[in-house]
Enquirer: 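Provided herewith is a single structure, encoded as structure tokens, for subsequent inquiry.
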Amino acid sequence: MTRVPEGQMFSDPGSDAAVMAAWERFLDGESRPSDSLRALVDRSWQRCQEQNVDPDKRSAPPPVDESMLESMKEHHGELLQASAPIMACARDFLAETGTVMALADTSCTILTMEGDNPTIGTAESIHLLPGVSWSERICGTNAIGTALAVGEPVQIHSAEHYCAGIKRWTCSATVIRHPHDGEIIGVVDVSGLSESYSRQSLALVVTTASRIENKIAMREMERRYHLLEASLQRWSNGTDGLVLFDRRGYPVRANEIAQAAMTSLGADLDLSAPRRVTALAIGDNGELVRTPALPAWLRPEWLEPVYGAQGQRLGTLLVLPLPRIGRAISGEGARRLVSEPAVAANDMPSGFTSIITRDPALREAVRKADQLARSKVPVLLLGETGVGKEEFAQGLHKASPFRDGPYVALNCGGLSRELLASELFGYVDGAFTGARRGGMVGKIEAANGGTLFLDEIGEMPLDLQPHLLRVLEQSEIYRLGENVPRKVSFRLIAATHRDLRKEVADGRFRMDFFYRVAVTSVRIPPLRDRVGDVRELARHFVERFSKQHELGLRRLDEELLARLESYSWPGNVRELRNVVESVLLMSDSECVGIDALPPELLGMADSPVSAPVATALGALATNAPVGSIAEGEAELIRRAIAATHGNLTRAARELAIAKSTLYQKVKLYGLERDIGRVRAG
């Protein structure tokens, strides 16, 4: 007999007798799989035997009582709501086909059924009806249970069923996944007596699952827009770090302050690939599920519920106060790294007078930016987080031919993929359920006649890049849901802390898009490389925050200034600004001393280097020379991680830096894979 190919998806009714004989041999203890048996079925039978499923079982167990079934339906309300119109259609298109369609939850319990009425009646004989679990553990090999077990489309016909009482049936099923993260949320199945077998039933369930998933995706987008609107006021007047989580515990929006704060707490925040905080998922009662418990870094008092117009809970706002790294200023000041011009900045070119520096390298970067400002070509600003890229972007705008037009800024790393698309391109009225009446103007269209600044462009999802590339090449956009293009003319300024050439090589950034946005570039040096700027900026921020908080005359003593100058400032000017604000608020003295420093800066200098890291330093010194200070620092951290077997607490202690600083540098230099590799080894 010809052997069934590995991975065969469809059942073969012609092999029914051979499969039945293989089943009997299997029950008699034959270990060798039959040539007529599909690998999918063979593995399922083995699982059934391991779980002591009774092969002589004639039917599934009786259904749960009505009240329990209603409770289960209420728990899976979103799934039932999305599938309701599709299941309603099943009443018509499955009539007189001898088949029924069933929707089950992740425990394989059928929630609802539709289809051919005579077949529904026949199905009752084996308890194929709502309120019954058809998991493999209970009912043996069957399409519902086996599809959930393998997470793929499954067709089980006749003798392929494990239990004798179900072998008169044929069924096809596939799992339903949540469109945002692929989590399995249910199963859809089509079943009938064996003579109703059709290969098309498998295609039908796959199509049905896809339609349900699309419905859920539309509903999820509607909820997220309602969530954003409900929390809109907090984004405009807050002075803390804010992260907005949806009903399922996924971050959908974050401000710049929150990203720095979470890094300092040792938490990860990447909206281009958001990680779910399961403890922030909202149950049907509108309260946090909190199973498992909140992450160690997250305090319950930082959480605020966000409610809709009808009083329903839409999500959760995480409010991160920043007593250790300094509270952020509000409004326009929150977006500007430096503002009021100082004596050192009087000779800066027009448009860049707010930049405070004595450093020749930064002055050269300003000179180059001023020269580029007069053209209309895109400019890419390169530099670490916090060096002042937006200040340069505003300077480029003010000194450009577009100076009289609008200046529109958008952080590509601050929104989820779906929200970023609508923020960029806008949408028309009725583009999707929940869309704002009258539609919404996107940031690209809003920048028409002016400048569009896209910060953290390296975080832009790969599939959105060709759409923006088309806008740049054709000078026209389509709002979401619109078929008529709109002409636009704007100057693009982009910024990133990433090495985009490396991102292109690694397949995370399109080459054609890179060459379009990086026509010209300006590299902004980090604060640690700018001689004299720490002291100059610190004095500037003291004057600024003393006035802002009505603190009276304040100054930093020499020991404190020296300590600030000896720090490496991984967060650059932004971190310095926050630290200065923090020490002013933490001290009551006119002369602020070193005791007001946050803990991570108090322990930053003169700590002894441990033996493993000393060895790493020696190895670094004897290796081939590195190309820059940053490369040397990255290599030292890499060796410290290896020496401590990926224990970041030990590595930070032995490098004599705060753990929060180490987390920032790990992310800055892209060393996450090194940590995973060391820990796995």
Side-chain angles (χ1 to χ4, degrees), residues 3-61 99-102 104-110 122-123 125-129 132-175 184 186-199 201-202 205-206:
R3 187 173 185 81
V4 176
E6 178 72 25
Q8 173 65 39
M9 181 178 294
F10 298 101
S11 303
D12 179 10
S15 301
D16 209 31
V19 172
M20 190 68 178
W23 177 70
E24 292 170 348
R25 291 194 301 272
F26 179 81
L27 297 183
D28 287 339
E30 182 175 305
S31 58
R32 178 183 174 277
S34 169
D35 288 347
S36 60
L37 197 63
R38 292 188 293 154
L40 168 78
V41 177
D42 178 51
R43 287 191 288 267
S44 177
W45 285 1
Q46 291 180 42
R47 288 193 299 270
C48 295
Q49 192 174 67
E50 291 168 0
Q51 296 175 57
N52 297 316
V53 178
D54 181 6
D56 292 325
K57 184 175 286 190
R58 312 311 297 176
S59 69
T99 59
V100 294
M101 179 176 287
D105 65 11
T106 51
S107 68
C108 298
T109 300
I110 297 174
T122 306
S125 64
I126 60 168
H127 292 159
L128 182 64
L129 50 102
V132 179
S133 175
W134 277 78
S135 69
E136 280 191 341
R137 182 180 56 81
I138 296 174
C139 297
T141 305
N142 72 92
I144 295 176
T146 305
L148 191 65
V150 300
E152 297 174 356
V154 165
Q155 188 170 64
I156 302 294
H157 176 69
S158 192
E160 291 179 325
H161 289 88
Y162 185 73
C163 296
I166 311 171
K167 289 183 178 290
R168 294 176 54 228
W169 289 78
T170 184
C171 48
S172 300
T174 192
V175 294
I184 295 175
V187 185
V188 62
D189 166 84
V190 169
S191 293
L193 293 173
S194 298
E195 53 269 24
S196 69
Y197 170 82
S198 170
R199 284 193 169 199
S201 64
L202 189 59
V205 295
V206 170

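When a residue number appears, it is its place in the shown sequence, counting from 1. Note that the structure is predicted; figures quoted are calculated from it, not measured.
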Enquirer: Using side-chain heavy atoms (C-beta onward) and a distance below 4.5 Å, is W23 in contact with P55?
Expert: yes
Enquirer: Looking only at heavy atoms, which two atoms of V132 and A60 are closest? And how far apart?
Expert: CG1-CB, 3.5 Å
Enquirer: Please identify each residue that fulfils side-chain contact (heavy atoms from CB on, under 4.5 Å) with A102, with sequence neighbours left out.
Expert: I110, M113, D189
Enquirer: Over 60° means perpendicular and under 30° means parallel, so tell me whether W45 and F26 are parallel, tilted or perpendicular.
Expert: tilted
Enquirer: Between Y162 and E136, does any side-chain donor sit less than 3.5 Å from a side-chain acceptor?
Expert: no
Enquirer: Any side-chain donor-acceptor pair under 3.5 Å between S11 and R38?
Expert: yes
Enquirer: Check whether any side-chain heavy atom of T99 lies under 4.5 Å from a side-chain heavy atom of S201, and answer yes or no.
Expert: no
Enquirer: Which heavy-atom pair separates C139 from C163 by the least distance, and what is that distance?
Expert: O-SG, 3.4 Å
Enquirer: Quick one: do the E160 and T141 side chains pair a donor with an acceptor below 3.5 Å?
Expert: no
Enquirer: To check you understand the geometry: which heavy-atom pair defines the closest contact between H161 and H157, and what is its length?
Expert: ND1-C, 4.1 Å
Enquirer: Enter the distance from H127:NE2 to I138:CD1 here, rounded to the nearest 0.5 Å.
Expert: 13.0 Å
Enquirer: Please identify each residue that fulfils side-chain contact (heavy atoms from CB on, under 4.5 Å) with R137, with sequence neighbours left out.
Expert: Q51, S135
Enquirer: Check this for me: R168, atom CZ, are more than 12 non-hydrogen atoms of other residues, nucleotides or ligands nearer than 6.0 Å?
Expert: no
Enquirer: Taking all heavy atoms of I126 and all of R58, pick out the closest pair and write down the distance.
Expert: CG2-O, 3.9 Å
Enquirer: Might you work through the side-chain contact (heavy atoms from CB on, under 4.5 Å) test for Y197 and D16, ending with a clear yes or no?
Expert: CA-CA 12 Å; Y197 170 82; D16 209 31; over 6 Å; no
Enquirer: Does any non-hydrogen side-chain atom of V150 lie less than 4.5 Å from one of R47?
Expert: yes
Enquirer: With side-chain contact (heavy atoms from CB on, under 4.5 Å) as the test, would you mind laying out the steps for W169 and T122 before giving the verdict?
Expert: CA-CA 11 Å; W169 289 78; T122 306; 4.0 Å; yes
Enquirer: Go through the steps for Q155 and V205 under the test side-chain contact (heavy atoms from CB on, under 4.5 Å), then give the verdict.
Expert: CA-CA 10 Å; Q155 188 170 64; V205 295; over 6 Å; no
Enquirer: Any idea which heavy atoms bring V175 and A147 closest together, and the distance?
Expert: CG1-O, 3.5 Å
Enquirer: Considering all heavy atoms of both residues, which atom of T106 and which atom of G186 are nearest to each other, and what is their separation?
Expert: CG2-N, 3.9 Å
Enquirer: Mind checking what makes side-chain hydrogen bond (donor to acceptor under 3.5 Å, both in side chains) contact with T109, not counting sequence neighbours?
Expert: S107
